[in-house]
Amino acid sequence: MSRKLLVPATALTVATVLALAACAPSTDESAGGGEPKTGGTLKVLANGDVDHLDPQLVAYVPTYNVMRSISRSLLSYSASNDAAERIVLQPDLAEAVPEPSADGLSYRITLRDGITWGAPDGERAIVAADVERGIKRLCNPLISGALAGYFTGLIEGMEEFCTGFAAVAPEVDPMREYIENTDITGIETPDDTTVVFTLTKPASDFPFMLSLDAADPAPIEALDNLPDSPEFRRSFVSSGPYKVADYTPDAKLVLERNEAWNPDSDPLRKAYVDSIEMTMGVEGDAAMQQLQAGSADLLFDLTPSPANIQQLKAQNDDKFSTMENGGVDQFMWINTKSPNNGGALADLKLRQALQYAIDKTAVVQTMGGEELAGVTNGIFGPGILGYEAYDPYPANDGKGDPEKAKQLLAEAGFPDGITLKLPYRNVGTQPDIAQTVQASLERAGITVELTPVPPTDYYANFMTNPENATSGAWDIALVGWSPDWQGGAARSVFQPQFVFDGTPQTYNYVDYDSDAANALAERALAAATPEEAGDLWHQVDEAVMADSPMVSIAYRLKPNYHSARVGGFVEYAQSQNGDWTNVWLNG
């Protein structure tokens, strides 16, 4: 499952992260388009809608640009076209990026001056109680936030709070009563500008988690309506430079200036345009035509098609760009629970044979070539703290080693080859990628039976159904994954996919677990410095790959395009697109 859209490859070293952390935020005002200008309406084209307009519930990457405009976070990132700089954590509502206490169990945050809500009764300060309220809203009994699990077991007392909340009637009054009168022991607000988080165990990535909109403060008005209900959306109280002026689901979203926003309190957003208008229901080719004609400016959930990209690259169009985010797309999961072939995939040698058999460079070519994709060999992709370029199963620089694969097959008891079932999403380039994998495995004597699965069913009904694993409905399967936040986000790759504590994880398809990897991850989360954490997360990567639960194949770059009238196009890491709050319009 790839909740995030994927990203160009330059290995980000820990030293680079540390050096950049001391730099002033940059929004690359020189990034094309002349001098910054104020005014105008930024026109954004979308095929679909936002997933939510409730910050605590947002998990869909394109929606992060909407949230960037209307809801400020405690911590965030500078918009930048520098791949390393844009994933360095920066203060937003907080005065500074917090440091852990000596025991690693608490973080003290001081809110900056001048931060305000655009409340119905006029401008009002954002206070510590609003931060606590936002965290509490994550596990409401009507609809819990998709990312709530990262916080629930980590903030002291939050698990107990959420257990109690689950018993509350999912109605406005009882939920408001519970939130306002029930404490989370691990969140203290000694005064209006101070929040102290106490954790159940050290978590060096906790500040990065506070960059998620899931952790945004919530005003008292957020409790007046059911979470993300039509009434909630209509009465959304903004803390960002824009507010919701008009919203028609699946049709249009209009944002206009929030008069209560204080630019002096916001180091990350310039808010050059007067308003932002997002039109939904637009198809990809039609959207590109409008951008090239100058009648629209940016894309929301759309990207240039392969044909568009080929044309733009041939023309050296500088309005086309790509970016990375630490994800891997494609992984090939190996079903160690499959009863097929006598349960052969439980044998490490057979899994290692698959590592050597795949021609990863051929898959990269199928994905658009080296300017749009690159080979990966571990669980982390480039652009994440813990990623290192290494190759635990070297096979001719990613081209595959069929002879080595055949040798391992024979040692595993299959000298004459083996037949495996591979389902794939029947959409976009996925059929071509599946056929490319099939062809490379056949060179090693591995016959692959392909089964198309509708894209809407692939994750929701096929891969996440444990019976399909234990019944042998699949042996190997192609999936993608990208981190839920930026920079120090290794946990959000490792925890959902490679940890089994007795409760099946949705995207850990075979209940994979490694004591060695888990112990290293605990040490990484308790690390005193980013450098130490990065080194330990790489060791986690090595420990997982030693077990060979899946084959890491490639990362995909996220392509973006904008109109000629857009100036200052700078990339916002969370949304994997240009930052709406930092572009301006020429004409």
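All residue numbers refer to positions in the sequence shown, counting from 1. Bear in mind the structure is a predicted one, so any value in this text is a computation, not a measurement.
The structure places CD of Q290 at 11.0 Å from OG of S563, a figure rounded to the nearest 0.5 Å. Atom OG of S275 sits about 11.5 Å away from atom CG of D246, to the nearest 0.5 Å. In this structure, the separation between OG on S492 and CG on L212 is 8.5 Å, given to the nearest 0.5 Å. We find the CZ-CG distance between F494 and D541 to be 10.5 Å, quoted to the nearest 0.5 Å. Atoms CD and OG1, on Q576 and T303 in that order, are 12.0 Å from each other to the nearest 0.5 Å. Here D205 contributes atom CG and W485 contributes atom CH2; the two are 5.5 Å apart, rounded to the nearest 0.5 Å.
When the side chain to side chain donor-acceptor pair (under 3.5 Å) test is applied to S305, the partners found at least two apart in sequence or on another chain are N308. Annotation: side-chain contact (heavy atoms from CB on, under 4.5 Å) contacts of E277 (sequence neighbours excluded): T41, K252, V254, T279. Residues passing the side-chain contact (heavy atoms from CB on, under 4.5 Å) test with P431, sequence neighbours excluded: Y424, N426. Residues passing the ring pair (Phe, Tyr, Trp, His ring centres under 6.0 Å) test with F197, sequence neighbours excluded: F206. Residues meeting the side-chain contact (heavy atoms from CB on, under 4.5 Å) test with P454, sequence neighbours left out: T456, D457. Evaluation of the side-chain contact (heavy atoms from CB on, under 4.5 Å) rule for A477 yields P423, Y458, M463, W474 as partners, not counting sequence neighbours. By the salt bridge (charged side-chain N to carboxylate O under 4.0 Å, His left out) test, D213 pairs with no residue at all, sequence neighbours left out. Looking at residues two or more places apart in sequence or on another chain, you find a ring pair (Phe, Tyr, Trp, His ring centres under 6.0 Å) between H538 and Y390.
For residues 364-383, the set of pairs meeting the salt bridge (Lys or Arg N to Asp or Glu O under 4.0 Å) definition, not counting sequence neighbours, comprises K313-E371. Residue pairs satisfying the salt bridge (Lys or Arg N to Asp or Glu O under 4.0 Å) criterion with at least one member in residues 360-369, sequence neighbours excluded, are absent. Under the salt bridge (Lys or Arg N to Asp or Glu O under 4.0 Å) criterion, no residue pair touches residues 281-295, with sequence neighbours excluded. Among pairs with a residue in residues 40-57, those fulfilling salt bridge (Lys or Arg N to Asp or Glu O under 4.0 Å) read D54-R137, at least two apart in sequence or across chains.
Taking the side chain as every heavy atom from C-beta outward, Y561 and Q292 approach each other to under 4.5 Å. Within the 4.5 Å cutoff, side-chain heavy atoms of Y150 are placed close to those of P496. Contact annotation: the side chain of K136 never approaches that of Q56 to less than 4.5 Å [non-hydrogen atoms, C-beta and beyond]. Looking at heavy atoms from C-beta onward, W261 lies out of side-chain contact with T116 at the 4.5 angstrom threshold. Taking the side chain as every heavy atom from C-beta outward, D228 and R233 approach each other to under 4.5 Å. The shortest side-chain heavy-atom distance between P455 and Q430 does not fall under the 4.5 Å cut-off. The side-chain heavy atoms of I379 and V328, taken from C-beta on, include no pair separated by under 4.5 Å. Residues L298 and N65 fail the side-chain proximity criterion, which asks for heavy atoms closer than 4.5 Å.
Between R257 and D274 a salt bridge is recorded (basic side-chain N to carboxylate O distance below 4.0 Å). Between D579 and R269 there is no salt bridge, since no side-chain N of the basic residue sits under 4.0 Å from a carboxylate O of the acidic one.
A side-chain donor from one of N225 and S235 sits under 3.5 Å from a side-chain acceptor of the other.
Relative orientation of the F569 and H562 rings is parallel, given thresholds of 30° and 60° on the angle between their planes.
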- Task: Report the C-alpha distance between W117 and D130 in whole Å, list the side-chain angles of each, state the deciding distance to 0.1 Å, and finish with yes or no for side chain to side chain donor-acceptor pair (under 3.5 Å).
- Result: CA-CA 10 Å; W117 295 111; D130 299 325; 2.8 Å; yes

- Query: Should D216 and S73 be marked as a side chain to side chain donor-acceptor pair (under 3.5 Å) after you check the CA-CA gap, both sets of side-chain angles, and the distance that decides it?
  - Reply: CA-CA 5 Å; D216 286 2; S73 304; 2.8 Å; yes

- Task: Start with the C-alpha distance between V58 and Y64, add both sets of side-chain angles, then the distance that settles side-chain contact (heavy atoms from CB on, under 4.5 Å), and finish with yes or no.
- Result: CA-CA 8 Å; V58 168; Y64 284 125; 3.8 Å; yes

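The nearest pair of heavy atoms linking I143 to P227 is CG2-CB, 4.0 Å. Contact record, W580 with M278: CH2-SD, 3.9 Å, taken as the closest heavy-atom pair. For the pair A373 and V364, the tightest heavy-atom approach, listed with the atom from each and the gap, is O-CG1, 3.7 Å. Scanning all heavy atoms of the two residues, the minimum distance from V237 to G118 falls at CG1-O, 3.8 Å.
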